[in-house]
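Below is one structure, written out as structure tokens; comments come after it.
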Amino acid sequence: MSFVDDARLDNPAYAALSGAQARFAQISGRALRYPTDVAPFLALPSEPSPEDWRDAADLVPPGTRAAVARTGVDVPATWKTLREFEVVQMLGVHVNGIDEPEAISLNRADVPEMLELARQTDPGPFLNRTIELGDYLGIRRDGQLVAMGGERFHFDGWTEISAVCTAPTHRGHGMASRLVAGLIAGIQRRSERALLHVVTTNTNAIRLYQQLGFRERRQLTISVVTR
């Protein structure tokens with residue numbers, strides 16, 4: 001079987017929470033979710049039963065919301081969909097990791113600046129404890145954090161690259177590409193493969209990742225739901 005056909009890629013949050021990132025999992029039956037200050041994702045089996053959705057309700061208190069990655073599975077009428085968007089899943093088929101000399105490792109002390117950079121650039125969910133999910137790299141200019149990227153979903157053999165962003169004032173200098181190459185270098189040292197997800201409307205990012213050696217595998221629907 002080709003690595004592209006790995007069925008876990010169809011449900012990466014579930015693969016991560018039931019595998020290498022099980023330490024983060026809040027559990028109700030077969031429903032899993034990340035703590036709300038780590039990541040917004042609720043994960044269900046690829047073909048969830050009505051009981052799975054009922055169990056999931058225990059993990060999403062009334063008045064709160066969660067994100068669910070779906071591949072053709074309808075959200076039950078007992079849940080309300082607040083927002084949906086399409087993402088393309090891309091795999092590092094022909095990527096080459098290159099350590100970036102200017103990149104620094106980010107840690108908890110950097111989180112306030114990381115949150116502010118994410119607020120300015122909207123690279124996807126980055127929360128108070130997201131940094132616990134994996135390695136994060138950044139670039140500083142004049143002491144200011146102006147670019148970052150890191151790792152989110154992780155399951156055996158795979159690591160997702162996420163939260164790649166550059167401050168508007170520092171774009172056009174290849175920082176994002178260099179950080180991604182640095183992250184890939186770390187992933188490859190662990191004998192793993194890289195994947196990532198990009199909203200389908202972000203054609204510039206898709207083109208950039210294609211140039212770096214990523215190839216599109218499939219589209220996923222992300223639904224933001226509440227009970």
Side-chain angles (χ1 to χ4, degrees), residues 1-92 123-130 132-134 151-163 192-202 215-227:
M1 181 183 71
S2 167
F3 67 86
V4 175
D5 298 322
D6 189 334
R8 297 173 303 167
L9 293 167
D10 294 333
N11 199 349
Y14 196 83
L17 284 171
S18 59
Q21 292 180 335
R23 67 190 183 280
F24 292 104
Q26 298 175 347
I27 304 171
S28 176
R30 297 198 302 169
L32 310 170
R33 80 166 298 175
Y34 287 95
T36 55
D37 55 354
V38 174
F41 292 98
L42 170 70
L44 296 167
S46 295
E47 297 183 5
S49 67
E51 183 179 0
D52 292 330
W53 282 104
R54 287 193 294 270
D55 288 335
D58 294 333
L59 302 177
V60 184
T64 67
R65 60 187 64 186
V68 182
R70 299 190 298 108
T71 54
V73 176
D74 291 332
V75 176
T78 51
W79 292 75
K80 180 179 180 181
T81 300
L82 303 175
R83 181 187 175 195
E84 284 190 339
F85 50 96
E86 301 295 321
V87 300
V88 59
Q89 182 181 80
M90 306 184 74
L91 307 183
F126 184 86
L127 307 170
N128 289 333
R129 294 177 54 207
T130 303
E132 297 177 23
L133 294 175
E151 301 171 349
R152 187 171 60 183
F153 299 145
H154 175 63
F155 48 98
D156 186 32
W158 294 94
T159 295
E160 181 203 29
I161 293 174
S162 181
E192 296 175 348
R193 295 184 182 274
L195 74 148
L196 51 81
H197 298 89
V198 192
V199 292
T200 55
T201 55
N202 192 348
R215 296 295 179 264
E216 297 183 23
R217 177 177 180 267
R218 67 167 303 163
Q219 288 190 14
L220 300 171
T221 300
I222 306 295
S223 298
V224 180
V225 299
T226 187
R227 287 169 53 188

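Just so you know, these numbers come straight off a predicted model, no measurement behind them.
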Under 3.5 Å, sequence neighbours excluded: what are the donor-acceptor pairs made by side chains of residues 54-62?
{"residue": "Asp58", "atom": "OD2", "partner": "Ser28", "partner atom": "OG", "Å": "3.2"}

Exercise. For atom CZ of Arg65, is the number of surrounding heavy atoms from other residues, nucleotides or ligands below 6.0 Å larger than 12?
Worked result: no
Exercise. Would one find more than 12 heavy atoms of other residues, nucleotides or ligands at under 6.0 Å from atom CG of Asn202?
Worked result: yes
Exercise. Is a side-chain donor-acceptor pair under 3.5 Å present for Glu151 with Thr159?
Worked result: no
Atom pair [atom1]/[atom2] of [X] and [Y] - distance to nearest 0.5 Å:
| X | Y | atom1 | atom2 | result |
| --- | --- | --- | --- | --- |
| Phe41 | Leu17 | CZ | CG | 10.5 Å |
| Gln89 | His197 | CD | NE2 | 4.0 Å |
| Phe153 | Ile161 | CZ | CD1 | 14.0 Å |
| Asp10 | Arg218 | CG | CZ | 4.5 Å |

If we only count heavy atoms from C-beta on, is the [X] to [Y] side-chain gap below 4.5 Å?
| X | Y | value |
| --- | --- | --- |
| Trp158 | Glu192 | no |
| Pro40 | Val224 | no |
| Leu91 | Arg193 | no |
| Ser18 | Leu32 | yes |

Exercise. Donor-acceptor pair, Thr226 side chain versus Thr64 backbone, under 3.5 Å?
Worked result: yes
Seminar exercise, completed: So salt bridge (charged side-chain N to carboxylate O under 4.0 Å, His left out) across residues 16-39, not counting sequence neighbours, yields Arg30-Asp52, Asp37-Arg129
Return the minimal non-hydrogen interatomic distance between [X] and [Y], and the atom names on each side.
| X | Y | result |
| --- | --- | --- |
| Ala13 | Ala43 | C-CB, 3.9 Å |
| Pro45 | Pro48 | O-CD, 3.1 Å |
| Thr200 | Val88 | CG2-N, 4.0 Å |

For this session: Please determine which of Leu195, Leu9, Leu133 meets the side-chain contact (heavy atoms from CB on, under 4.5 Å) test together with Glu160.
Result: Leu195
Exercise. Between Gln21, Arg152, Gln26, which is the residue that forms a side-chain hydrogen bond (donor to acceptor under 3.5 Å, both in side chains) with Tyr34?
Worked result: Gln21
